[in-house]
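Everything quoted here is computed from the prediction, not taken from an experiment.
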Amino acid sequence: MEKSRLHFSSQDASPSLAKSKDWDALSRWSEYLKPDVSSTPTSKGWKHVSFEQSLTSGSFQKAVHIEWVIQLSQVAEGLMAKMYRLIQILDHPDLVSYTFTESFWKAGVFPNCPRICLLVSKKFPDHPNKLQLERVEFLDLMAFREQALRLILDLSSTVITLLPHQNSLILHAFMDLFCSFVRVNLVSEKIPRKMILQMYNLLHTMLRNGRDCEFYHRLVQFVDSYDPPLKGLQEDLNFVSPRIGEVLEAVGPIIFLSTDTKKLRNEGFLSPFHPRYPDILTNSAHPMRAQDLANVTSYREWVLLGYLVCPDELLRVTSIDISMVVLKENLIMALFRDEYMLLHEEYQLYVLPKILESKRLAKSGRNKQKEADLEYNVAKQVEKMICEVHEQALVSCYAIHHERRVLLKQEIGRMVVFFTDQPSLLAPNIQMVFSALALAQYEIIWYFQHVGIALSKYKAVRMVPVDIDATDPTIGFLLDGIDKLCCLVRKYVAAIKGYALSYLSSCAGRIRFLLGTPGMVALDLDTNLRGLFQQIVHCLENIPKPQGENISSVTCDLSSFRELWLSVLMIVTSSRSSINIRHLEKATVSTGKEGLLSEGNGAYNWSRCVDELDFLLSKHGSLKKLYFYHQHLTAVFRNTMFGPEGRPQHCCAWLGIASCFPECASTIVPDEVNKIGRDAVVYVESLIESIMGGLEGLINILDSEGGFGSLENQLLPEQVANHAKQTVKVSTPLKSPKAIAGLLLPGHESYLENNNSIKMLEAALQRLTNLCSVLNDMEPICVLNHVFVLREYMRECILGNFKRRILAILKMDSELQRPSVVESLLRRHISIVHLVEQHISMDLTEGIREVLLAEAVTGPISFSHSIERSANRQTGSAVEIACNWYVENIVKDVSGAGILFAPIHRSFGRQKSAGTYVPDLNTNVGELKAFIHIFGGYGVDRLDRMIQEHTAALLNCIDTSLRSNKEALEAIVGSMNSGDRIEREANIKQILDVETVVGFCIQAGQALAFRRILAEATGSVLEESAPLVFSLLSAVSKHLPEEIPEKEEIKKLRKVATSFGAVSEHDTEWVHLVMAEVGGAIDGSWSLLPYLCAVFMTSNIWNTANFDVSIGGFTNNIHCLARCINAVIAGSELVRAERGEQQKHSFSNGHVNEALTTEVQSRASVEANIKSTMQLFVKTSAIIMLDSWNENDRLYLAPKLIFMDQLCEFSPYLPRSTLELHIPYALLRSVCRQYYGSSTYAPPALLSPSPRQSPLVSLAHSSPMVRHNREDSTPQSSAYDSGYFKPSSSQVQEPGEKQRNTRRSGPLDYSSSKVKFVEGSSSTGRGPSPLPRFAVSRSGPLSYK
């Protein structure tokens, strides 16, 4: 192997032969050197240098070599991109047994050769017919190795100096190629090269009918020499090892400085202030070394790879400390993207044996005794260092980097504050800014490179995971600092550009002065070199001078200047040149100023700040490599963003990283751009989802009971009473409002021991406002063709959270939350949104209105819009939930919860098993007002329409019953007229489904009662919100024409008035409206309606009817039947009258004919028919009720009498004395005394004279016309308790209803002046008593004097 290497080195010694081969080799890499790939700013300065060199200067060979250095570094990137793709295709095969997954065979790794494709397709039938190769050309690897190695050997032997402070430009180019050469071969170890070699052998055999022995021999030699790669690298690079050692020693001080956080902080390497004189602003305490810190990442890579492939250089005395510092803070070595090698294992496998061999040779006395002892001691120290540094790294590497991240967090934070306040000082300190960016970039990438790493690989020791804290907040601070520094640089590009141009203009004079010094004159420069210096001065002197504020418009391309300066460096650093770098330094440094080379290098660096500032910023501040760790990036973001030390403003930096992810794509792999772009979009979407989730969380924290809810604590009256009671008992004063267990008093958070909740609120509020401000100010994020505007995401998040909040608080389990509570919670949430709105430039209030409208809208308003409703129209889910709950659970009671309407409480409730009534707080006027506040008119209209649809269905059932029982009802009418009791009872038994119809009517009564509560709540809200509109509509409703039929405009006005309770007879108008819309009462069977209702007296529902004076109704809701009967009879009469008038008009056929023209019928005449029908019902019901009264039915007579009395009290069409015409008064008074004998609800007028004994009162009750002018001052019960058992002291006048009579008492309020109860006839409590007095007299429970 050694011979082959020597032969390789000597075969290209001829300059002419090398010249031809060099130009031929340039064309080989055209695939890797496409214009869009190779035209980086770094290579622009090198590309055309060689073409400007003359052969007489002796620098042609050197120029070609430098150009190759840049190009081969790019070729190395392309080769590694291909190998990276191949490694992904191989899916980490077993390199020992060479077994591969199915995806490998389907990926098309081998060339498109038919015979091989045929063989593979037979073995693997699913393999595609054409196998396209996205592979590393094996020949390219071999050619790259040959050319790169020749360049490295030649440059190391011909360049005079490779020290960073003298020849940094060529040094970086040389070391970049050196590291690329090493990394390419280390990456190639991860693919099965022997297997690929066998396939190429098979290909050549098939294609050429034999083996190409010479070519195959070179392939075998290459594979064998790099098996393993480090073995071949150590042998190939043995000749350049001394130069590598010199370089690594030279960069050692900068590495030591970068690891000394205390020195960096105390001596101000990253601060614009002088460390000892804070009042003095300076470019840095040590400007040159501060600039070198920007390259320390490269220096660390040089050390790790240099000592790995050149292990003999570790035997230098200073190398031990340099290597130990770098090895102690690293566990892996990144090769390419996320491919890495385990650093310490490789050192122990390939470096330690070399050191042990040197130790053995030194001990054997190969050299002089003194030198042998020194070499032996150094080798022993290196051996100890390699063996111990691994454990040290496992223990301390994370702590070292954490300390460094804390330092950078502080220094960069101060930088941002300082340069934001003093932007004019940014340009002089731009190199220091680049150093800070480079250090932060390295620390962030190191952190994510070590996440998920486990050790060890080669030795049979325990697998030790690297201890990386995923909740480390310093990552977010560094990302934010880098982002802010880059933004500052981009913001003040013009200032930096102007400062650089000024520096270059002054530098021209200094260079011209140095060229004229005696030392330079004495050098006697040749014509070519002198001409280059003159061109450099000319370029600098002709730089455009910035004028005022026009710097940004100045365009200046300084690439020609940089090409000239690089040409000078190529000449003076060559060992073949008569004038070298040492001569120039000696000739110019004696002036006491910067030497010529220092001035030129400084001008070169500042020239890049003029036209390559974006590239420099990307080089030092770009985090595109984090794409390959984007999954870890997302996890760390979620752990740190909203953690205890996280900052919401950091999210901009986390998101901004994705913009540079597509820069990682290599054009060598065609589909890589799209793949990385898709991953970047997914990353941004994932982070936005997390950010919006955190935003929702902060809002919900403030909106919780532990947030702003804790500041709204209010005590209920019973809690206040209990607290007062406990306070009286306690002799000592209360030290804290939490003295009573389980009771938090308002203001308890103001006490010192309870202020943690306030601190939590303040912290959450501060984070919320900061996050909103940052998201509002953040620029759009562009990833390929995707644009993410965070303001829009934030708006959608806040409004979406508000919508979800509405739906979440609307129901608790299966119950509807109280609307007043919902309204309060929504107002609290909206107040938080308004707080957020102050920190963003968007109108969230309008969005809140849109959400509320979307959740409440149900289509056109029924009484104001003429638009036809579509069956597919979307309605708000919130209003649907609320309305469905009210209809299903209150009106229909589908769950069988025993819903009761309590007229006294003016709400619905439930009857518990113990007989107590529990009101449902969702159904009183106050809660329905809150419902209207939330959902507005749309919610009222939706609930109204649902009740209307349900009522229409119930009325349809009544119509069906009338039709099906028409004959039986007509027979009942006949028997009533004939007085045949037996026939009447027989006909009553023929009525079908009486129980079902009664149940439907009770539901209809419940619907009417709930509709009346809703109307009152609507009117109350309208009066509060628009009092002028309310008064106008109320006044108009009292003066509407009472003609029949009504015009459409009058119908609409009456419908509007009914919707908010402005009409006196709400139930009648409501049923009239429903029947008119559905076309009810269209035939003559409706004339039999009072007889059908009278048949209800025979229903079995009376068997369970118990009257409860505490609610003013029956426990089975039979009192709702009275409301239904009254409304349905009255409404059907109105509908029949309207239809009759319409038929008359239709008969006239539109012609004016006196014989056919009749007067317009008024509502007064219709009301007379209604009264007649109602009296007919009362009469028929009394006959059926009393005729069926026998020994077995005595217990059920009292509920029927109370029911009839309630109907007479409730109905405006029946006088109170109507029932006395058909039922003995004494019987009525007995029942009243039975229920109110000892009740607290007993009316105060029980002993007043009988209404029938007062001629005026009797006349008022018997005259139907008096009922329409009820304007006395006697208070009357409301629509909820009119005619029900409620004491006069609590009676409230029904809104919009006229006063009807002068009675103050409740139902069955009759005098005892003419009646005497049998002894023991009074009863107490609720419900019917056994009535034992009925056994004394067959004629009834009353005894007349």
Side-chain angles (χ1 to χ4, degrees), residues 163-166 168 248-300 302-303 318 321-326 328-329 396-397 399-444 446 474 477-478 481-482 484-485 488-489 499 503 593-594 598 601-602 605-606 609 616 620-621:
L163 299 180
H165 63 280
Q166 291 181 341
S168 62
L248 299 184
E249 277 188 327
V251 300
I254 302 300
I255 294 177
F256 292 144
L257 175 63
S258 68
T259 59
D260 192 347
T261 56
K262 184 177 181 180
K263 187 175 183 179
L264 288 175
R265 180 185 292 110
N266 293 341
E267 299 191 12
F269 283 92
L270 298 176
S271 174
F273 295 99
H274 194 285
R276 297 181 181 85
Y277 308 100
D279 297 335
I280 300 177
L281 295 175
T282 176
N283 292 0
S284 177
H286 315 275
M288 291 303 296
R289 297 181 72 182
Q291 293 177 17
D292 286 338
L293 288 174
N295 301 316
V296 73
T297 301
S298 299
Y299 296 165
R300 290 191 180 100
W302 297 354
V303 169
T318 58
D321 295 333
I322 297 174
S323 59
M324 185 175 65
V325 165
V326 181
K328 190 166 62 175
E329 64 182 33
S396 62
C397 69
I400 293 172
H401 287 274
H402 182 267
E403 181 184 6
R404 201 174 299 162
R405 289 196 299 271
V406 172
L407 168 70
L408 292 173
K409 165 192 167 183
Q410 297 170 350
E411 296 296 330
I412 292 177
R414 281 195 283 263
M415 269 191 195
V416 171
V417 174
F418 177 78
F419 290 131
T420 302
D421 185 59
Q422 300 288 336
S424 60
L425 297 176
L426 178 62
N429 292 280
I430 189 65
Q431 299 296 337
M432 183 182 66
V433 171
F434 288 153
S435 297
L437 290 174
L439 291 174
Q441 178 193 56
Y442 170 76
E443 291 302 325
I444 293 173
W446 182 95
T474 58
F477 281 99
L478 290 185
I482 290 176
K484 289 181 178 178
L485 277 182
L488 281 174
V489 173
Y499 183 89
Y503 179 90
K593 300 179 180 180
E594 292 287 342
S598 299
N601 288 333
N605 291 330
W606 279 106
C609 293
L616 293 176
H620 298 298

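Arg265 approaches Gln410 most closely through the heavy-atom pair NH2-OE1, 3.5 Å. Between Ile482 and Gln441, the closest heavy-atom pair is CD1-N, 3.9 Å. The two residues Leu293 and Leu439 have their closest heavy-atom pair at O-CD2, 4.1 Å.
Of the inter-residue distances, the one linking Thr474 atom OG1 with Lys409 atom NZ reads 7.5 Å to the nearest 0.5 angstrom. With rounding to the nearest 0.5 angstrom, the CG atom of Leu478 is 5.0 Å from the CD1 atom of Ile444. Note that the CG atom of Asn266 and the OG1 atom of Thr261 stand 9.0 Å from one another [nearest 0.5 Å]. Interatomic distance, CZ of Arg405 versus CD1 of Ile412, reported as 12.5 Å (0.5 Å rounding). Annotation: the span from Lys263 atom NZ to Ser258 atom OG amounts to 11.0 Å, rounded to 0.5 Å. Taken from CE in Met432 to CG in Leu437, the straight-line distance is 10.5 Å, to the nearest 0.5 Å.
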Checklist entry - Could you go step by step and tell me if Phe434 and Ile430 meet the side-chain contact (heavy atoms from CB on, under 4.5 Å) rule? => result CA-CA 6 Å; Phe434 288 153; Ile430 189 65; 3.7 Å; yes

Checklist entry - Between Leu488 and Val433, is a side-chain contact (heavy atoms from CB on, under 4.5 Å) present by the stated rule, with each step listed? => result CA-CA 10 Å; Leu488 281 174; Val433 171; over 6 Å; no

Checklist entry - side-chain contact (heavy atoms from CB on, under 4.5 Å) between Ile254 and Asn295: does it pass, once the steps are laid out? => result CA-CA 9 Å; Ile254 302 300; Asn295 301 316; over 6 Å; no

Checklist entry - Does the side-chain contact (heavy atoms from CB on, under 4.5 Å) test come out yes or no for Leu408 and Leu270, once each step is laid out? => result CA-CA 9 Å; Leu408 292 173; Leu270 298 176; 3.9 Å; yes

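With contacts defined as side-chain heavy-atom distances shorter than 4.5 Å, the pair Ile322/Leu248 does not qualify. Counting only heavy atoms from C-beta outward, the side chains of Val296 and Tyr442 never approach each other to under 4.5 Å. Contact annotation: the side chain of Glu411 never approaches that of Met415 to less than 4.5 Å [non-hydrogen atoms, C-beta and beyond]. Between Pro164 and Tyr299 the shortest side-chain heavy-atom distance falls below 4.5 Å.
Looking at Thr259, its side chain does come within 3.5 Å of a backbone N or O of Phe256 through a donor-acceptor pair. In this structure, the side chain of Asn429 engages the main chain of Leu425 through a donor-acceptor pair within 3.5 Å. A donor-acceptor pair under 3.5 Å links the side-chain atoms of Trp446 to the main chain of Glu329, judged by distance alone.
For Glu443, the salt bridge (Lys or Arg N to Asp or Glu O under 4.0 Å) partners are Arg404, not counting sequence neighbours.
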